[in-house]
Amino acid sequence: MPNESPTSRWLVTTAWLAERLGAPATVVVDGSFYLPAMKRDAAAEYLAGHIPGAVRFDIDAISDHSNPLPHMLPDNKQFASEVGALGIADSDTIVVYDGAGMFSAPRVWWTFRLFGAENVFILDGGFPKWKAEQRPIEVGAAKRAPRRFEARKPADIVASLDAVRSALETKSAQVVDARPADRFVGTAPEPRPGVRSGHMPGALNVPSTAVVENGSLASPEKLRAAFAAGGVDLDRPVITSCGSGVSAATLWLALDALGKAPKSLYDGSWSEWGARDDLPVEPKA
């Protein structure tokens with residue numbers, strides 16, 4: 001265990017990472033991704049400056065391109081090939097960060113763990129904290145020698161649309177949506193064209209911003225309060241969801257920190273449900 005964080009066993013500090021930069025079996029991954037409304041270019045920002053040695057994991061590039069939905073999970077073969085080409089082995093210690101502090105890094109962390117990597121961690125505070133502490137920064141693209149990544153994916157922690165629909169109908173699990181409250185209640189438009197406003201009937205809302213504080217995972221007390229405010233029973237199964245499967249992983253990290261890891265994550269999320277005219281939406285248009 002690299003670092004005992006008071007909030008999550010999956011977080012490491014900037015000081016811990018700084019001591020291990022360049023170690024053969026430690027790989028730093030820039031997992032930055034931004035929504036269009038954020039008006040930021042993850043690829044350009046990476047080239048302009050990143051943690052020394054960090055390789056860039058692009059969730060749009062390493063995804064199922066046959067699926068029209070945004071950045072859906074690839075299969076084992078594609079993930080193993082593209083991540084191995086980045087110079088990452090499933091046995092490495094992988095530290096993921098993003099340029100927002102804690103926005104897309106949990107999704108990349110969750111994806112690596114899904115495909116079988118066990119020693120995957122998130123840099124607490126991300127790149128903003130690293131820069132604020134005036135730690136070293138490298139420009140350009142970092143290159144690592146190719147490695148072999150042995151991908152093995154347990155399908156049961158990825159929820160399909162049918163599984164989500166069944167959970168809502170039978171109340172066998174709570175579907176918890178990480179989108180902002182105004183998008184959940186339908187007063188703000190969705191950022192993607194063709195996707196309706198509102199939410200799945202019966203879903204609960206815990207905005208991912210409620211579990212993040214200053215680019216770090218909030219304290220256990222604040223995490224519990226956020227889930228309580230959303231009406232979530234921590235002792236019952238949870239399926240996390242959001243707009244396109246990214247911030248759903250932040251809720252996963254938060255629930256895991258409370259010792260209540262979710263049952264699954266709905267990869268299609270609202271991008272899939274909201275685009276389907278045959279599925280019910282609340283509030284009704």
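Along the sequence shown, residues carry numbers from 1. Computed from a predicted structure; not experimentally measured. The basis for the numbers below is simple: all heavy atoms, side chains too, and nothing from hydrogens, waters or symmetry mates.
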* Asked: Looking at Tyr34, is Arg40 sitting on its ring face, NZ or CZ under 6.0 Å from the six-membered ring centre and within 45 degrees of the normal?
  -> yes
* Would you indicate whether the side-chain heavy atoms of Pro189 and Arg183 approach each other to under 4.5 Å? => no
* To do: Examine distances only and state if a side-chain atom of Trp110 and a backbone atom of Ala248 form a donor-acceptor pair shorter than 3.5 Å.
  => no
* **Pair Arg113-Glu118, salt bridge (Lys or Arg N to Asp or Glu O under 4.0 Å): steps then yes or no** => CA-CA 6 Å; Arg113 294 194 62 228; Glu118 295 179 1; over 6 Å; no
* To do: For Phe33, check ring pair (Phe, Tyr, Trp, His ring centres under 6.0 Å) against everything at least two apart and list the hits.
  => His71
* Asked: Would Asp124 and Ser216 count as having a side-chain donor-acceptor pair, cut-off 3.5 Å?
  -> yes
* Ignoring hydrogens and angles, tell me if any N or O in the side chain of Ser81 forms a donor-acceptor pair with the backbone of Gln78 under 3.5 Å. => no
* Any donor-acceptor N/O pair, Asp98 side chain to Ala105 backbone, under 3.5 Å -> yes
* Hey, does the side chain of Asp92 reach the backbone of Ile94 with a donor-acceptor pair shorter than 3.5 angstrom? -> no
Show me the donor-acceptor pairs, under 3.5 Å and distance only, between side chains in residues 250-261 and residues at least two apart or in other chains.
{"residue": "Asp256", "atom": "OD1", "partner": "Arg9", "partner atom": "NE", "Å": "3.3"}
{"residue": "Asp256", "atom": "OD1", "partner": "Trp10", "partner atom": "NE1", "Å": "3.0"}
{"residue": "Asp256", "atom": "OD2", "partner": "Arg9", "partner atom": "NH2", "Å": "3.0"}
{"residue": "Lys260", "atom": "NZ", "partner": "Asp235", "partner atom": "OD1", "Å": "2.7"}

* Counting only N and O atoms by type, is there a donor-acceptor contact under 3.5 Å from the side chain of Arg179 to the main-chain atoms of Gly198? -> yes
* Structure fact -> Going by chain and number, the hydrophobic cluster around Met72 (ILVMFWY, side chain to side chain under 4.5 Å) further includes Leu69
* Consider only side-chain heavy atoms of I, L, V, M, F, W and Y, link residues closer than 4.5 Å, and tell whether Ile137 and Leu17 are in one cluster. => yes
* **Counterpart residues, side-chain contact (heavy atoms from CB on, under 4.5 Å), relative to Pro136 (two or more places apart)** => Pro52, Trp130
* Checking side-chain contact (heavy atoms from CB on, under 4.5 Å) for the pair His50/Tyr97: CA distance, chi angles, key distance, verdict? -> CA-CA 10 Å; His50 53 79; Tyr97 72 88; 3.2 Å; yes
* With distance as the sole test, does Arg196 use its side chain to make a donor-acceptor pair with the main-chain N or O of Arg276 at under 3.5 Å? -> yes
* Could you walk me through whether Thr170 and Ser172 pass side-chain hydrogen bond (donor to acceptor under 3.5 Å, both in side chains), step by step? => CA-CA 5 Å; Thr170 64; Ser172 58; 3.1 Å; yes
* **Under the side-chain contact (heavy atoms from CB on, under 4.5 Å) test, residues paired with Thr209 that sit two or more places apart** => Pro207
* Got Phe127 and Ile51 here, is their nearest side-chain heavy-atom distance under 4.5 Å? -> yes
* Can you sort out the partners of Asp162 under side-chain hydrogen bond (donor to acceptor under 3.5 Å, both in side chains), two or more places apart, ordered by chain and number? => Arg165
* Phe149 ring center near Phe115 ring center (under 6.0 Å) -> no
* **Residue pair Ile59 / Val246, side-chain heavy-atom distance below 4.5 Å** => yes
* Leu21 reachable from Tyr46 in the ILVMFWY side-chain graph, under 4.5 Å edges -> no
* Asked: After noting the C-alpha distance and the side-chain angles of Val55 and Ile88, does the key distance pass the side-chain contact (heavy atoms from CB on, under 4.5 Å) rule?
  -> CA-CA 9 Å; Val55 293; Ile88 306 172; 4.0 Å; yes
* Is there a donor-acceptor contact under 3.5 Å from the side chain of Arg152 to the main chain of Gly116? -> yes
* Asked: Between Leu86 and Arg144, does a side-chain contact (heavy atoms from CB on, under 4.5 Å) hold up when you go through it step by step?
  -> CA-CA 6 Å; Leu86 288 176; Arg144 293 175 55 84; over 6 Å; no
* To do: Check for a donor-acceptor pair, side chain of Ser269 on one end and backbone N or O of Ser241 on the other, with a separation under 3.5 Å.
  => no
* Asked: If two hydrophobic side chains count as joined below 4.5 Å and joins carry through other members, does Val211 share a cluster with Leu234?
  -> yes
* Asked: Does Asp30 reach the main-chain N or O of Ala54 with its side chain, forming a donor-acceptor pair under 3.5 Å?
  -> no
* Asked: Going only through I, L, V, M, F, W and Y residues with side-chain contacts under 4.5 Å, is there a path from Leu47 to Val28?
  -> no
* Asked: Met200 and Glu282: side-chain contact (heavy atoms from CB on, under 4.5 Å), yes or no, with the steps?
  -> CA-CA 6 Å; Met200 306 168 212; Glu282 287 185 350; over 6 Å; no
* **Donor-acceptor contact below 3.5 Å, side chain Glu138 vs main chain Gly53** => yes
* Answer yes if the side chains of Glu133 and Thr14 hold a donor-acceptor pair under 3.5 Å, and no otherwise. => yes
* If you round to the nearest 0.5 Å, how far is CG of Leu279 from CG of Leu161? -> 5.5 Å
* Report yes or no: do Tyr266 and Phe184 belong to one cluster of Ile/Leu/Val/Met/Phe/Trp/Tyr joined by side chain heavy-atom distances under 4.5 Å? => no
* **Ser66 and Asp64: side chain donor to acceptor below 3.5 Å** => yes
